[in-house]
Amino acid sequence: MTVSDVAQLLQIECSDSNESTISGINTLRDAAKGEISFLSDSKYEKELSSTKASAVILPASKSHLLPDNVVALISEEPYLMVAKLSKSFAKPIQSSDIKPIIGENSTVFPTAHIENGVKVGSGCTVMSGVYIGADVLIGDNVTLYPNVSIYRDCVIGNNVIIHSGSVVGSDGFGYAHTKSGEHIKLYQNGNVIIEEDVEIGANTTIDCAVFGSTWIKKGSKIDNLIQIGHNCIVGEHCILVSQSGLAGSTTLGRNVVMGGQSATAGHLSIAPFTTLAARSGVTKSITKGGVYSGFPLMEHKLWLKLQAKLAKILQ
Amino acid sequence: MTVSDVAQLLQIECSDSNESTISGINTLRDAAKGEISFLSDSKYEKELSSTKASAVILPASKSHLLPDNVVALISEEPYLMVAKLSKSFAKPIQSSDIKPIIGENSTVFPTAHIENGVKVGSGCTVMSGVYIGADVLIGDNVTLYPNVSIYRDCVIGNNVIIHSGSVVGSDGFGYAHTKSGEHIKLYQNGNVIIEEDVEIGANTTIDCAVFGSTWIKKGSKIDNLIQIGHNCIVGEHCILVSQSGLAGSTTLGRNVVMGGQSATAGHLSIAPFTTLAARSGVTKSITKGGVYSGFPLMEHKLWLKLQAKLAKILQ
Amino acid sequence: MTVSDVAQLLQIECSDSNESTISGINTLRDAAKGEISFLSDSKYEKELSSTKASAVILPASKSHLLPDNVVALISEEPYLMVAKLSKSFAKPIQSSDIKPIIGENSTVFPTAHIENGVKVGSGCTVMSGVYIGADVLIGDNVTLYPNVSIYRDCVIGNNVIIHSGSVVGSDGFGYAHTKSGEHIKLYQNGNVIIEEDVEIGANTTIDCAVFGSTWIKKGSKIDNLIQIGHNCIVGEHCILVSQSGLAGSTTLGRNVVMGGQSATAGHLSIAPFTTLAARSGVTKSITKGGVYSGFPLMEHKLWLKLQAKLAKILQ
């Protein structure tokens, strides 16, 4: 697919007739030559001048900010255009021809399904009903309990344990919205990286990144029924208790503790050594570690004081 | 099983010795000739006179409201009687003798399990560990990721995507309670209908209807770890964010947005174009679209004002 | 592994050179001869004098409380030592050589995986993708829907129904923490016991006990997407509505009702016939049955009063 093909597919104007081949979509910052990018939020405007993308979808008013050698694809709805385009670059479920490689002393149960391109290290146990998608890389001494699903391209470090029913790398929840209220899927082409010594409970879901990686750093422990949205980063040695949730693109520093049923909004940054009490709800970034409670969130001490005040109201 | 057999099984009085065969249980409104119905809530009393059921379980005081040709089965605990009876009409897990039909260009992974009576359209992908129950109908270009379970009789529209571990058509959570505190299962004989262009995330659960259908309308997008109770209707182009939940028999209008960890009680109606903020809890029907927050629920503006007032209390 | 081996593995002091074999780890109260125990919380100090353990890991200051024939293994971080030791006693995923025994009139789908040592009663249905771990005992007339996972050693009573994707017996979320902020897994060697007439919804998770049993008593009904932590006891005829959660070691009396998205902290005791409203959060034990709401929890009547007061603040 060439830049001109993209313009034609999306029925949008193209600053230059251009036959160079497009290999994928990426952010302004991470796009390489041959990739297409987009500007859907003005806060990324400053990245236009240095992008290496071959073409960028953006509003007419911003096209002058692009370097000379980058083609402008003009749209007032760039995010919607990217979503429509993304299906063309969605990775297939099956791709590689390379038979999976299973390391020494690893056990694969008969009903596990391992796609081509997969490498499983030594000393692993891949139990019944497990699905390992194309090109997944699995380290040594990994245990995948029954009915775990790992989507294509994910990377699982040494000594990781994933309990039954958990899903790693499912599509992030990303859509562009049309004026008439329809939701157009933004196909998610990233992956999930899980570092060594991570344990993941049962029926937890970790979505893949739209571009790049959702990333669980080493030593973190994640309980049952937890949601981790696309492009989140969970720092080293975090503890996430059951039924907690992270909306997309939020970053936890190291040793963050999230209590049961707590949650964060998306695009936040939580300072290292922060403890979020059970049920707390975070809507703003936290810059200083400490113990926080409530929704809206406040320092735990303040929350206790508020509850005391409310109890007085009742007297 | 005849009406007399039913009376004998439940050890209740029958207004008429009747040997007509009963084929199933249904609501007063939807019951056809040959079906049995019941009156467990007086708000449905007005439907007695027009029911087409062959017999109705109801309290003695209401039996005079029935048409002459409908047999009255007298009980002061009609809901409990229906629950006890429902096991006799529970559909078997396997039934049809008709081998499944798989459309052109559809891929079925070897460990998928497809029951008899199933039809899968063209261009579908049915991945490893997927279960498709008896008589399920699946449209074209449907993708079922690994370890999805679809119970019998469900209907899945074109272009639907269901991510790993999600369950469609599991039994609704319905029980009648005895005076000694036991819970008697009301076997759920309905199904789930999912219309075209719906996407469902990972490890989400959508229960079948007790009678009739739980219904997800076209274009709705449902994230991970969401609960949709029996007999809910989700309107067109709704967005349900992770860990939200709908209790039974609630209806969402079109383009309703439910934030993360939000929930509704059962038997509610939510106006089209309503946005429920993350964590909001709905206990009453919403008749006017808008943005709502909190638990108890209020207009989002009011909720912000409340939080400001509470912050002042702390000063 | 002898007591001396344990001391050497953990690099801790041993009160007695001792070559007796250690077969496992257990609590002070439940340990038998040949087992090792530990004192990590001073509230269990009174159980030291009567323990039957062959050796106990405990701080130097407490070693004089042990009976003469019990070896003291001295550590100021006994819980961390137990965690480090627990891996040596973790049960293997596969163990017994005894082929599974399937009762009369039971159906096992071809892609179900049943380990050695399992007994399945009569009239059971074990559907596709189900995993039944080593030495699990399953009663009569049990239905396991597709992709259910039951970890080793669990016990499932007669007439139990478990819906798709639920996980019984996954590891409890238990770790000891090092001074540098790492989390050391405490391998969980207990099981889950589910008594007769229990129904469990879809994608629910019930963790095994660290020692002993997590226990769901007869007639309880558990909805979808629920978390039950390790060592919980759910009394007879309880009702747990979707997305509720129990942290570890909490006990519900009989006929407790937990509303949707409600939760309890760990190590609590909830009185029989308690109803917890939807979304309520319990942080203290409840000694008297009644209806409770809110977080922090209060009597439901009081919660209604509080909401009325808050509404006034807004005027």
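Order of the sequence lines sets the chain letters (A, B, ...), proteins ahead of strands, with each chain counted from 1. As the structure is a prediction and not an experimental result, all values here were calculated from the model.
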Can you say whether [X] sits under 4.5 Å from chain B via the side chain, the backbone, both, or neither, judging by heavy atoms?
X      : value
C/L225 : side chain
C/I161 : side chain
C/L304 : neither
C/N255 : side chain
C/S220 : neither
C/F109 : side chain
C/A278 : backbone

So for [X], is it side chain, backbone, both, or neither that comes closer than 4.5 Å to the heavy atoms of chain C?
X      : result
B/L302 : both
B/S244 : backbone
B/A247 : neither
B/Q261 : backbone
B/S164 : neither
B/T204 : backbone

- Which atom names give the shortest non-hydrogen contact between C/T274 and C/G289, and what distance separates them? OG1-CA, 3.5 Å

- Message: Looking at every heavy atom in both C/V198 and C/K217, which two are closest together, and how far apart are they?
- Response: CG2-O, 3.3 Å

- Who among C/T111, C/L314, C/L310 has the most heavy-atom pairs with chain B under 4.5 Å? C/L314

- Interface check, chain C: of B/H113, B/H183, B/K309, B/E182, most non-hydrogen pairs under 4.5 Å belong to B/H183

- Within-4.5 Å side-chain heavy-atom neighbours: C/T143 and B/I93: yes

- Query: Is any side-chain heavy atom of B/L240 closer than 4.5 Å to a side-chain heavy atom of B/L252?
  - Reply: yes

- Task: Please step through side-chain hydrogen bond (donor to acceptor under 3.5 Å, both in side chains) for the pair C/N203 and B/T205, ending with a clear verdict.
- Result: CA-CA 7 Å; C/N203 286 348; B/T205 59; 5.9 Å; no

- Proximity of C/Y145 and B/Y131 rings by center, below 6.0 Å: no

- Item | Stepwise side-chain hydrogen bond (donor to acceptor under 3.5 Å, both in side chains) test for C/N159 and C/D197 | CA-CA 5 Å; C/N159 311 317; C/D197 300 328; 3.1 Å; yes

- Task: Have a look at C/N191 and tell me which of C/T214, C/V155, C/I150 forms a side-chain contact (heavy atoms from CB on, under 4.5 Å) with it.
- Result: C/V155

- Task: Inspect the contact between B/R152 and B/E115 and indicate whether a charged nitrogen and a carboxylate oxygen are less than 4.0 angstrom apart.
- Result: no

- Item | B/S170 versus B/D207, side-chain donor and acceptor atoms under 3.5 Å | yes

